[in-house]
Amino acid sequence: MKTPHDVVLIPGDGIGPEIAEATLAILEAAGAPIRWRECLGGVTAMETVGEPLPQATLEAIEATGVALKGPLTTPIGSGFRSVNVALRKHFDLYANVRPAVTLLPAARYPDVDLVIVRENTEGLYAGIEHFIGMENDPRAVAESVMLITRYGSRRIVRFAFEYALAHGRRLVTLVHKANILKYTQGLFLEVGRNVAAEYEGRVEFDEKIVDATAMQLALDPYRFDVIVTENMFGDILSDQVAGLIGGLGFAPGANLGERAAIFEAVHGSAPDIAGQGIANPTSLLLAGCLLLDHLEEREAAARIRAALHRTLQEGAGYTPDLGGSAGTAEFAAAVIERLDAAGE
Ligand code: NAI
């Protein structure tokens with residue numbers, strides 16, 4: 001028998017524990033050799049140990065290097081800052097990877113299969129902003145800095161090319177706005193072209209302006225394969241792409257750095273339906289599949305994806321968000337039932 005991988009599980013807030021339970025049941029049924037180390041985070045942690053991101057959770061991720069994370073509630077206006085952002089900063093998770101694959105028969109586009117690689121630490125989201133006072137108005141002007149570094153640009157574009165090679169993808173499209181932002185976006189593009197030259201003959205390279213990309217994604221998503229872009233453009237485009245395949249419920253995410261890899265559902269904690277046992281676990285389950293890929297447990301990941309595809313195609317186990325009346329546990333049972341068929 002294989003030695004199990006130690007992986008941190010942060011079930012999270014709201015619907016988190018419900019979708020985590022379903023996801024773990026499916027991963028176990030698929031034979032994924034994982035030993036979970038359950039840790040606290042978010043409001044659940046705040047209520048239990050008085051802090052949203054306990055040291056014990058950070059130490060566990062430090063030790064295992066891998067975590068699966070449910071959604072975490074961020075109080076609006078007051079309270080603690082986003083735990084998601086804190087994790088990203090603590091572990092320098094510079095690459096946000098969001099694959100979008102059509103699984104739902106009713107999705108806007110069949111057969112979409114693309115990946116957005118988003119720089120996760122720089123750009124406007126670096127949060128360097130301030131007010132400038134004028135006359136009697138201390139907030140007459142607000143100014144924000146778009147931070148782009150050669151170092152950050154190089155490592156994210158290189159990451160995208162390495163990802164393409166590792167996953168058998170043929171094309172990397174760099175998305176920018178260098179026609180207007182000649183310094184910041186210009187640097188990103190310049191560095192990107194240099195990195196692309198290192199991969200010539202192995203992975204194709206294309207470059208596109210962000211607004212044109214948004215339109216082309218809506219018209220013809222099939223012309224894209226791997227998209228690499230800076231922080232804010234990546235944030236927006238990855239949700240747009242999720243819309244092409246049926247919404248955020250079908251989009252998993254991975255936050256990756258040199259020291260840790262954290263896989264997550266990209267939707268929120270859905271307080272409106274928490275505790276009712278009707279949440280759709282697909283996003284966290286797909287995040288679990290990305291985790292299995294990362295652990296080189298590709299066979300289990302492929303089996304789960306095939307069973308999930310079959311479940312959705314057959315209209316089995318649909319939760320209310322999909323127009324059905326099944327609960328989270330029924331959905332999980334429907335996927336587990338189809339695991340064997342998927343393995344044949
Ligand atoms: P949300 O994604 O939690 O909910 C939006 C709508 O989608 C709700 O009607 C909800 O019921 C539905 N929904 C979401 N996930 C679902 C699922 N798996 N199955 C069925 N229906 C689902 O977004 P909202 O309400 O804006 O945020 C709630 C909380 O989640 C906030 O505190 C927010 O900060 C946090 N959040 C956390 C994220 C994370 O940890 N990655 C990401 C987004 C929001």
Side-chain angles (χ1 to χ4, degrees), residues 8-26 39-47 52-53 57 61 67-91 93 96-98 103-104 106 116 118 120 125 231 234-236 238-239 242-243 245-256 261-291 308 311-312 317-332 334-335:
V8 167
L9 172 72
I10 304 174
D13 301 317
I15 59 171
E18 300 161 50
I19 57 175
E21 189 183 335
T23 298
L24 262 53
I26 297 167
C39 291
L40 293 168
V43 169
T44 316
M46 193 73 194
E47 287 167 359
L53 184 53
T57 301
I61 299 175
L68 180 67
K69 186 183 75 59
L72 303 173
T73 298
T74 304
I76 297 173
S78 60
F80 57 83
R81 292 176 69 97
S82 163
V83 172
N84 295 317
V85 173
L87 280 171
R88 203 163 64 215
K89 288 204 164 141
H90 184 89
F91 291 107
L93 304 172
N96 179 262
V97 177
R98 289 265 298 262
L103 292 170
L104 198 63
I116 303 222
R118 159 187 168 194
N120 226 359
Y125 290 6
N231 209 338
D235 183 27
I236 298 167
S238 50
D239 274 23
I245 57 147
L248 291 182
F250 294 91
N255 292 299
L256 309 173
I262 302 184
F263 300 85
E264 63 180 2
V266 299
H267 56 70
S269 55
D272 53 334
I273 57 165
Q276 297 177 30
I278 55 166
N280 179 351
T282 300
S283 179
L284 192 63
L285 179 60
L286 287 170
C289 290
L290 294 181
L291 166 90
L308 177 63
T311 306
L312 294 167
Y318 273 29
T319 41
D321 58 304
L322 300 178
S325 58
T328 312
E330 269 174 86
F331 185 100
V335 176

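Worth saying up front: this structure is predicted, and the values here are computed from it rather than measured. In each ligand, atom 1 is the first atom listed, and ligand 1 is the first ligand listed.
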Original post:
Hey, is N84 one of the residues with a heavy atom under 4.0 angstrom from ligand 1?
Top reply: yes

Original post:
Any N/O of N280 closer than 3.5 Å to an N/O of ligand 1?
Top reply: yes

Subject >> Any protein heavy atom < 4.0 Å from atom 14 (C) of ligand 1 >> reply: yes

Subject >> Mode of P271 contact toward ligand 1 - side chain, backbone, both, neither (heavy atoms, under 4.0 Å) >> reply: side chain

Subject >> Non-hydrogen atom of S283 closer than 4.0 Å to ligand 1 >> reply: no

**OP:** Identify the protein heavy atom lying closest to atom 35 (C) of ligand 1, giving its residue, its atom name and the separation to 0.1 Å.
**Re:** L72 O, 3.4 Å

**OP:** Check whether any side-chain N or O of E47 sits under 3.5 Å from a backbone N or O of T44 as a donor-acceptor pair, and report yes or no.
**Re:** no

Original post:
If hydrogens are left out, which of G268, A274, A279 has an atom nearest to atom 1 (P) of ligand 1, that is, the closest non-hydrogen atom?
Top reply: G268

Subject >> T319 side chain to A326 backbone, donor-acceptor under 3.5 Å >> reply: no

Subject >> Minimum-distance protein heavy atom relative to atom 10 (C) of ligand 1 >> reply: D272 OD1, 3.4 Å

Original post:
To the nearest 0.1 Å, how far is atom 31 (C) of ligand 1 from its closest protein heavy atom, and which atom is that?
Top reply: T74 N, 4.1 Å

Original post:
Just which atoms of ligand 1 are under 4.0 Å from any heavy atom in K69?
Top reply: 40 (O)

Original post:
Which residue supplies the protein heavy atom nearest to atom 29 (C) of ligand 1, what is that atom called, and how far is it?
Top reply: S269 OG, 3.2 Å

Subject >> Top protein contact for atom 4 (O) of ligand 1, by heavy-atom distance >> reply: A270 CA, 4.2 Å

**OP:** State whether the side chain of S269 and the backbone N or O of D13 hold a donor-acceptor pair below 3.5 Å, judged by distance alone.
**Re:** no

**OP:** Mark up the atoms of ligand 1 that fall under 4.0 Å of a heavy atom belonging to T73, in ascending order.
**Re:** 32 (O)

Original post:
Which one of E264, H267, E18 has a non-hydrogen atom at the shortest distance from atom 38 (C) of ligand 1?
Top reply: H267

Original post:
Are L286 and L290 close enough that some pair of their side-chain heavy atoms sits under 4.5 Å apart?
Top reply: no

Original post:
Counting both backbone and side chain atoms, is some N or O of I273 under 3.5 Å from an N or O of ligand 1?
Top reply: no

Original post:
Looking at side-chain heavy atoms only, is the closest gap between L285 and L308 below 4.5 Å?
Top reply: yes

Original post:
Does ligand 1 have a heavy atom under 4.0 Å from the side chain of I278, from its backbone, from both, or from neither?
Top reply: neither

**OP:** Specify the closest pair of heavy atoms between V97 and L256, including all atoms of both residues, with the distance to one decimal.
**Re:** CG2-CD1, 4.0 Å

Original post:
T57 side chain to C39 main-chain N or O, any donor-acceptor pair under 3.5 Å?
Top reply: no

**OP:** From the options I15, D321, I19, select the one residue that forms a side chain to side chain contact (heavy atoms under 4.5 Å, CB included) with N280.
**Re:** D321

Original post:
Would you find a donor on one side and an acceptor on the other, under 3.5 Å apart, between the side chain of Y125 and the backbone of N120?
Top reply: no

Original post:
Does atom 7 (O) of ligand 1 have any protein heavy atom closer than 4.0 Å?
Top reply: no

Original post:
What atoms of ligand 1 come within less than 4.0 Å of a heavy atom belonging to V266?
Top reply: 42 (C)

**OP:** Please could you name the atoms of ligand 1 that I15 approaches to less than 4.0 Å, counting only its heavy atoms?
**Re:** 15 (N), 16 (C), 17 (C), 18 (N)

Original post:
Are the side chain of R118 and the backbone N or O of N96 linked by a donor-acceptor pair below 3.5 Å?
Top reply: no

Subject >> S283 side chain vs V266 backbone, donor-acceptor pair below 3.5 Å >> reply: yes

**OP:** Determine the sole option in I10, L72, N84 for which the side chain to side chain contact (heavy atoms under 4.5 Å, CB included) test with E264 is passed.
**Re:** N84

